[in-house]
Every structure is written in C-alpha cells, then in structure tokens.
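Within every chain, numbering begins at 1; the chains are lettered A, B, ... in the order of the sequence lines, protein sequences first and strands thereafter. Since we're looking at a predicted model, the values are computed, not measured.
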There are 4 protein chains.
Amino acid sequence: MWMHTSCSLDFQIPVATPFLFMLRPRSGWQQWVGREQYVLSPSVSAVEFTDPFGNLCQRLVAPAGRFSVHTSVDVESAEASDTAPGAPFVEVQHLPDETIPFLLPSRFCESDRFTEMASSIGSGWAPGYDQCAAIVDYIRRTKRYTPGSGQQIISAGEVNEQTHAVCRDMAHLGIACCRALSIPARMVVGYLENLEPMDLHAWFEAYLGGRWFTFDPTQSDLQGGRVAIAYGRDAADVAIYTQFGAPVELLRMEVTVERRPAPRF
Amino acid sequence: MWMHTSCSLDFQIPVATPFLFMLRPRSGWQQWVGREQYVLSPSVSAVEFTDPFGNLCQRLVAPAGRFSVHTSVDVESAEASDTAPGAPFVEVQHLPDETIPFLLPSRFCESDRFTEMASSIGSGWAPGYDQCAAIVDYIRRTKRYTPGSGQQIISAGEVNEQTHAVCRDMAHLGIACCRALSIPARMVVGYLENLEPMDLHAWFEAYLGGRWFTFDPTQSDLQGGRVAIAYGRDAADVAIYTQFGAPVELLRMEVTVERRPAPRF
Amino acid sequence: MWMHTSCSLDFQIPVATPFLFMLRPRSGWQQWVGREQYVLSPSVSAVEFTDPFGNLCQRLVAPAGRFSVHTSVDVESAEASDTAPGAPFVEVQHLPDETIPFLLPSRFCESDRFTEMASSIGSGWAPGYDQCAAIVDYIRRTKRYTPGSGQQIISAGEVNEQTHAVCRDMAHLGIACCRALSIPARMVVGYLENLEPMDLHAWFEAYLGGRWFTFDPTQSDLQGGRVAIAYGRDAADVAIYTQFGAPVELLRMEVTVERRPAPRF
Amino acid sequence: MWMHTSCSLDFQIPVATPFLFMLRPRSGWQQWVGREQYVLSPSVSAVEFTDPFGNLCQRLVAPAGRFSVHTSVDVESAEASDTAPGAPFVEVQHLPDETIPFLLPSRFCESDRFTEMASSIGSGWAPGYDQCAAIVDYIRRTKRYTPGSGQQIISAGEVNEQTHAVCRDMAHLGIACCRALSIPARMVVGYLENLEPMDLHAWFEAYLGGRWFTFDPTQSDLQGGRVAIAYGRDAADVAIYTQFGAPVELLRMEVTVERRPAPRF
C-alpha cells in the first residue's frame, strides 16, 4: 500500500546555528521510497552523509531568523508488519557482526542494569521472539501510554520508575530488556498511521531467527502502516534534528501520515 | 540554480532477472536533492543499500515482460564547477585514508601502465592541479570527442590507441594518467546540461590541495550544471544498471536535463 | 621509545559463555605495534571483526572451567603526547563527518545535561583547546583521583555528584563537558606507564584544530608512554571484555607496562 | 594446527618513497593470529588503516637507502579447507549486500567478457559449488601451473590466451568465470605450506550456500595449511606492497611457511 507522510519544522533562530537533520527516509525492507521532497526555506547550502547506522544525515547552518524545513515522502509500505511467534533466540556467537553494537548498553538504554528484571519477565517463555513479546506485554501492562507527555528524554531506568510513558520511553524500556537477555535491539523513529494526535513515532526492532522484527509496545496488536526514518541504538542516535550552540525556538512541528492510492507519476 | 533531470529505461525481460540499479543521486558537495521520484512499472519489491563508495544501490528482480524504471530529480546545483589552478599535489603520505583506493589501478584504468605517458604529459607543470589540467588538455588534443560512438566499455589502454572517444573513455584515460602521477582520481557518472544528443555523462574528479575537483575532458572550459549520480573507481563501479543472468533487451533509454526555476513545493 | 605491555585475565566459567574481547591494540597515530601475542587457554576457536569505531574485536565462546586470556604487545610509542594550547575550536559545520557521532550524548556521557556547567567552566577561555584544558583543570580541582575506587560504571552526571573518581569517571566527565561545548570528544582505554597500582587506564581525546588531541584529567602535566587499545563514545563502547549470559567470575586481572629497549627481532 | 610464516622484503630506495603495505594477517574464519611481529629497519613512523575490504594497511615513507620489512606470524589454521560439493548457487536477489562488489568486473578479472566461456564450462553441472569445481578443473586442464613464471600482472583475458600460468593468473581466471555465472568471487593472497619454491600464494573464494569457500586451481585436491593475508576483488586490491613515485629496487624477498607445535607463550 502507498502512504504519504510529511514533517514540517519551523524554527526561530537567534544566531546562525549548525544543525544535523535526519529526515530523509531510505528504501529498505518492506519500504520503497517512490517520491520524496526536502525543502529548506530560506534555501541554504547543505551536505549529506551516511552515519555509522546507515542513516542519511543532512548538515547545514541555519541563518538567523525564521527557518523552515519541510519534507514529504510517498512510500510503498507493508499493510502488516511481519511477526514470527516462536522465532528462536540467536546465540551470541552466531550473531552477525553488525548486530553486536545493538547488544551493548547505550545512552538511554542501560541494559546493564536490567538483567534481573528482564530475566524475570522472560522466564517461562521460549528464548527469542516470545520473550520479546512478553517484554512488550509487560510494558503495556505496567505503563500507561500517554502520547505527548514526555519532554526531556529519559532513560529506561527512569522510565521504569514511572507509570506513564511516551512511545520513545516504552521503546527504550523494551530495548533495555531485550539486550539484557542478549537479544540485539535497536530503536526506530518514523511515521505510523492513525496516531492521535499525529506525531512522529518510535518503536523498536529485535534480531531473532536471523532477521530484525518490529515490536511496538504502544499497540496491543502490531499494526503496519509504518515508515522508518532512522535506526540507532536509542533516541540519542536518531534525533530528527540536533542543534548545536545557543538554543533555538521550535515554533511549530507538524506531521502528517495518510494512505493514498499509488501515486501517478 | 535548480535543475530537473530524469532517466527512463524500458526493458523487455525474457525471464525474471535480478538487477542492480544506481539511479538515486544523493545530496553532496554543490548538490542538494530537493525532490526526487523513482518509479518501477510494474511495481516490484526493491531494497536499497549503500555500496563501499557511498552510492545508493537498488536491488530488485524484474519480472518477465515489459519493465520500466523512471527516475527524476530536482537538484540545486552549482552554476559553475570549482576550479583551482595551482592547487598543490598532496603527497601520498598525507592523503586521507579514504582516497587511497583511488590511487590504485582498476578494471578500466590500468594506471600501472601509464607511468611513462603521464610523466611526459605532466612534466613542465607544477605537481597537482596544473598537471591534471595538462592531462585533460592532452586528451582533448589527441582524441576526438564522439558522443554515442562507444558501445562496449574499453579500458584506458585501449582508448589510448584510438582517435575517437566517448565521455567515459576520456574520463578513463584522465583517471589512469592522474593515478600514474600518484594523484587520486575517481569516476563520476551523472547528468550534464546541454549535451547533444542528451544522454548520461561521465567525467572525473581528482584530489588536490585537500579536496576533490571536477575535470571534464569533453569541455574546453569546465562548465557547471552537473548532477552526480554515482562515484567509483571507473565505469565498472558506476554502471547505472547491472543485470545478472540471461541478457535482457533495453528498448529505450531517455535522459532529460533542464534548468528550471526553484521548485514551488 | 618502545614499551612492552600485557594484560592477563583468568576466569572461572560455570557454563560455556560467549565473550567479546577488545584486547588487540592497533597501530595508529604515535603508536606502532611491532610485536604482539594473544593467547587463549584452553585454545578455542575465535573470530575477529572491526567494530564501527575501527577497533578489532575478538568473539569466542569460553568453555566451562578455568579460562585465561593473555595478551602482550611491544609498541613504539611517543615519549610525550602532543599538546596544542590555542588550537582552535572547529565550527560544527566544518567538522569531518566521522567526528559527528562524538558530539552526541552517549550511555555514560549525558552531554545534553551539561550545557550550563560546561559553558560556565569554558567561559573566559578561547574556544577550543584552552576550554578543554580548563575542563580538565576543573575536574582535577573538584574530584580526587582514586585509582581502583570504582566498581560499577557510573555516568558523568553521577560522577559529578561525587568527590572521588576513577580515571574512567574523570574521562566521562571531561567528554560530557566537551560535547556540551560542541567539541567532539571520545574515550580511550589503554595502557599508561607508572600507574600505581598498575591497571588499565582511561583518558579522552578531543578534536581541535583539525585533529584529535589527548587529555588526561588524572595528570597535572600530560605525559606520554601511552598505548591505546580501543576508542569509543564512552566506556560502553570500549569494555575490554563483555560477557553474555550467566555471570562468570574474574579470578585475576594483571596488567604490566614497562619501557624496554627496542626489541631485537 | 599451528603454522609459523614470515615475509621479508629488502629494498634499495633511491629517494624517500611512500609505501602502502598489506602484511598484517588478521584473525578470521579458521585462522587465529596468536603471535605476530612487524619490523621496519630502519624504524620509521607508520600508520595503519582498514581498507574497504577489511584489510589492515600500513602506510609509511621509506627513507633513501636500504630499507627492510620483516613480518612473521604464528597462526592456528585449519588442517583442511572446508569443501562442500553440491552447495547451491545463491540467487543474486538473496545475496548479502556485502558480496555484491565481488560480482562485478575488476581490473584483472574482466568477467563481463567471460559469459560464454563460463556458461560452457558450467553447463551440465548443478548451479553453485559444482560449477566452481568444474571451472577449477578446466583451468587445471588447460593451463600449466608454472610457479614464478609471471612478472607483470596480466588479466584473466590475457591469461586465457596462454598455456602457462602462475597462481595469481589461475585465480584471476577462476574469479572471472565465477562472476560471469553470477557467483561472487574474491581474491586471496596469503601463505600456503609446501610450495616449491616457497613464495606468497594466491587463490580465490566463492560465495556458495551462504558462505565463502576456498578454491585453488593450482591443486588437484584442495589442501589446508593456509594463512590469508588480504582479500580483494583481484590482485590490484591485494598487492602486499604498493610503491608510489620513482621506482625502487626490491633486492630480496623471502617467504617461509612451516608447521610448528603450538607456541609456548
């Protein structure tokens, strides 16, 4: 199915400010970018590079004054995300090299402190996919999903002490628990249809039975209609924008996601 | 300035055939991709990866029958390509690691066999940019640029024995001579305005004074209006499509390049 | 000058356990590996890969029972680490792409929470090297360096609330402050001569004026005699060993570092 | 089993000359580096980087005069190289991304010109391992292996017109034919025991049934006792040394390979 998504950001910039954006989705598994646009207003010179996780990053210096970024994309995406109950745990020694960094603790996923909790949640389940599902279930039962409630990014340990959580928090908690069970897990930031209110979304993927699978603790039944923008170890790696120097004001951020008929080119 | 470019390919496919395409330009130096589209007809599942040179590559299996690829892009590009007469040769020991592969011989640039010729052309010129300019000048003087005359890709050594050459041949010869002087040189395939007849174009870049500079042996004065699609060691790395298995028929290839006012998004 | 260093680890392993080791120093800036050995007892099959930071990592499954790793290396290293008072801050937009990940917050360096503190320490100093020196000086004045006092790894925020610190803590604090000033900073784990008691050491590097420079908050005057083993964003990336699954017992860890005459081969 | 190998090079250098060496074997599949040394005489400053193929490369400037490089290594290597008659062809669309570059033509393996020949050799054999074995067999039947007979490196096309060949030539021919059948193939340079006269050796690997397998057209029965030094697309990528600028004289090159009891460290 085809989806049309967009993200618009308006900033008030006091003084010329370097930015790093991550707003260009790539084609990948179950995701084909058919049309895309990326508008900077005013137009400024920008360069792009691929970060260590394979994300396209845009670097630019925003001039003082009003500065806007508008991106949109038409993507052919999967109606349903793949699931695989029973998919086995991959023993650490058989994991592909490139999954290893996703086993280690990271800024917001202190997996080194979740060994006990994760073992307890996962006990009684077959090692692998079913443990991840149990973790997701546990998060859903213990945290109330509260869109928009989160301002500063908090770590899985801090999330764990709260009763409410945003999508990002729930993903961090899920990632920390998976890694504590030696299951590689990574953060995804992207678009998801039907969010209320509409916003960017965060979920996670775990490596099981030889490939990555999608998990989303905000949903009781995993739904499709996703467009991944960036992958990383946690929110620190996938900020859609990072701004350096004196603070700037984000005046407006608007996200749209809708199904559309296949684009006529 | 803004340019709109497109490339359309129509194939007749006898039996389902794996393809590798390289038709998604990236933003980079003097090049910002503002709008892009990439259409497969019929629509098939495709995946994308970044090759060792940083190019985005699309992998898919084309079904039997008629298969078309249509890509287009709106790019903000430089009115003029940077030049830098006098820019110095960078001694090999001071080159960045990532330029080293572009010093070595490759499929179509047997630089190991051009030491004498390159030394002779470059002698009398300051090491660096001016030597590259002398090489370009030599190629222009000795080869008649004959668009469309080349079918099978030939190597720099074979080019050297001919009096006519296509853009790709001239780039190969330039690259082979630069490398023979220990100057890193790489192939670029892309769009260039005002070609007659319009087609994809090939030129090369050399690393001088700390950055890459554009050289184009088909032009007496280096012109801008370029959109790079892919970079590599030579034509073997930057084929816009590679097809595996039984031969397919390319029915039509059409390229367009035009200046346009800044797109209104 | 030549140094001979070694690291020996003895484990008691209850059940076959996957390990990731990072104990093979590479040649690099001011560091040439002339002789190296790496012994596993009992001998087991191991594979090696390069992680995203360029470190060589060894993967293996340690069998149940006693398991030992002994590595040693003869390195030609610099008598003194380079310093560069006055070296300028590199504006973010001019930083090489590969330094960007070292600007972002990481597991143990929550630089996003150090903006105020770092600005305060750095104010009055020229942007760049001198700010980093001021940060190191601040750390030395406010934390008592207490070798061996640290068990669990704590983050820069936690370090900041303490009066004592191990080398790793001091490096984390320095890195967090540098990044808060938009100066790329990375963790180094390695050998340093004359430690008392002898142990592995941790320090950091900051990117200034176009290259990385060494900083070590445990020393009033920066000394040479270093051998870098691994680089990363913080201690999470450069653990010399990571063990997955049920806990194992580290029975003994012994580190030696000594100057030696040039080895006769 | 343990092997001790060494490579010594003596040069006469007329004027200070930049070099690129590839003489540090890495641990990998069926290969564990237990002890290694790398001596430069006179001692000069050198740096090391990892090339796009994962090989460790040493960069240095050799001073005028006599310059020697001596490397040796103790490696635990496999008694026998794995074979897998019947291992299936992996369809191009299912190949891992990182194998794709090894499908394309390269400097000395013009696979684009071997389609007919490879199809003819491979016809009648099951797609995959057995085709590769048939290619090796064909090379053995049509080329007389003549150690040391080759001076300048020639390409597969040129090899094909000769009746004698060195190991490198035979590997190039094998690689070109494999790629022409859409089987990824890569060059290996390394040590092999029992060569007469002793020298460095070259063979190739092909990707079949999900992993790389060793093929060696110089042997009727594939033997173990190998130590891989470097991997690449062909000889252009794996030169153990590359020298830039005015020619230097290689006075002596000596290679030793012997089985040894497990080293006592």
Validation: residues 94-103 of chain B side-chain donor-acceptor distances under 3.5 Å, sequence neighbours left out:
residue, atom, partner, partner atom, Å
B:D97, OD1, D:R59, NH1, 2.7
B:T99, OG1, B:P96, O, 2.7

Please round to the nearest 0.5 Å and tell me the distance separating atom [atom1] of [X] and atom [atom2] of [Y].
X: B:T50; Y: A:R26; atom1: OG1; atom2: CZ; answer: 3.5 Å
X: B:W29; Y: A:S45; atom1: CH2; atom2: OG; answer: 7.0 Å
X: A:R35; Y: B:Q37; atom1: CZ; atom2: CD; answer: 5.0 Å

Worksheet item: Among side-chain atoms of A:E76 and B:S43, is any donor-acceptor pair under 3.5 angstrom?
Response: yes
Worksheet item: Which atom pair, heavy atoms only, marks the closest approach of B:V33 to A:R24?
Response: O-NH1, 3.2 Å
Worksheet entry | Proximal component of A:Q58, with respect to chain B [non-hydrogen, under 4.5 Å] | side chain
Worksheet entry | B:V44 vs A:W32 side-chain heavy atoms within contact, under 4.5 Å | no
